[in-house]
Amino acid sequence: MAILKVAKLGHPVLRRVAEPIKSGDIGDAGLQRLIEDMFETMAEYSGVGLAAPQVHHSIRLLVTEDIPDPEREGKLLAVRSAVINPEITFLTDEQIAYFEGCLSIPDLRGRVPRIRHIRLRGLDREGQPFDREVEGFPAVVVQHEVDHLNGVVFLDRMTDLSTLTYLTEYDRYFASQDL
Ligand code: NI
């Protein structure tokens, strides 16, 4: 396994629409190794999600990390997953907003409105159907990562740029209001 170099904002790969992965290619050793390396890279940089274009592969693949449930000790809101050719369906109009960060936009955070409850469909790393309802913070993570596959970053989704902040200032001025 390897820790991969992460593309930073300004690199054209982050603005490209990524290509679908052919189902016949899912078993390829190269793709499986990429998935492992993406998990390792995400963990190394303490990310909760990572999309393939962020590691210079313009293909429709994302990974998400285990997401602990802040209200239930030892329980998870979402489990570590790799999703190939993900598709989102919105299951509500209701929005939530969190301060998002991105490994491709280091040190910045900004508040982004997202849909609270979604359905995520695609294929898992064995090529089997992946179909899950996702709510709350994990739904935010999924929408953020699928945006990367369409050349969109969280800054594009911000409706109030006055909430854009460096991480140190976030801790100082915003963290207490981030509900
Ligand atoms: Ni990101």
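In listed order, ligands and their atoms are each counted from 1. Bear in mind the structure is a predicted one, so any value in this text is a computation, not a measurement. Just so it is clear, the values below take in all heavy atoms, side chains as well, and ignore hydrogens, waters and symmetry mates.
Of the inter-residue distances, the one linking I88 atom CD1 with D147 atom CG reads 7.5 Å to the nearest 0.5 angstrom.
Checked options V141, I67, D66, V134; the residue passing with L77 is I67 (criterion: side chain to side chain contact (heavy atoms under 4.5 Å, CB included)).
Under a cutoff of 6.0 Å and an axis angle of 45°, R109 and F174 do not form a cation-pi pair.
Using a 4.5 Å heavy-atom threshold, the side chains of E126 and I26 count as separate.
Less than 2.8 Å away from the Ni ion (ligand 1), the protein contributes these N/O/S atoms: C102 SG, H144 NE2, H148 NE2.
Contacts of D131 classified as salt bridge (charged side-chain N to carboxylate O under 4.0 Å, His left out), with partners at least two apart in sequence or in another chain: R119.
Ring geometry for H11 versus H56: interplanar angle over 60°, hence perpendicular rather than tilted (30 to 60°).
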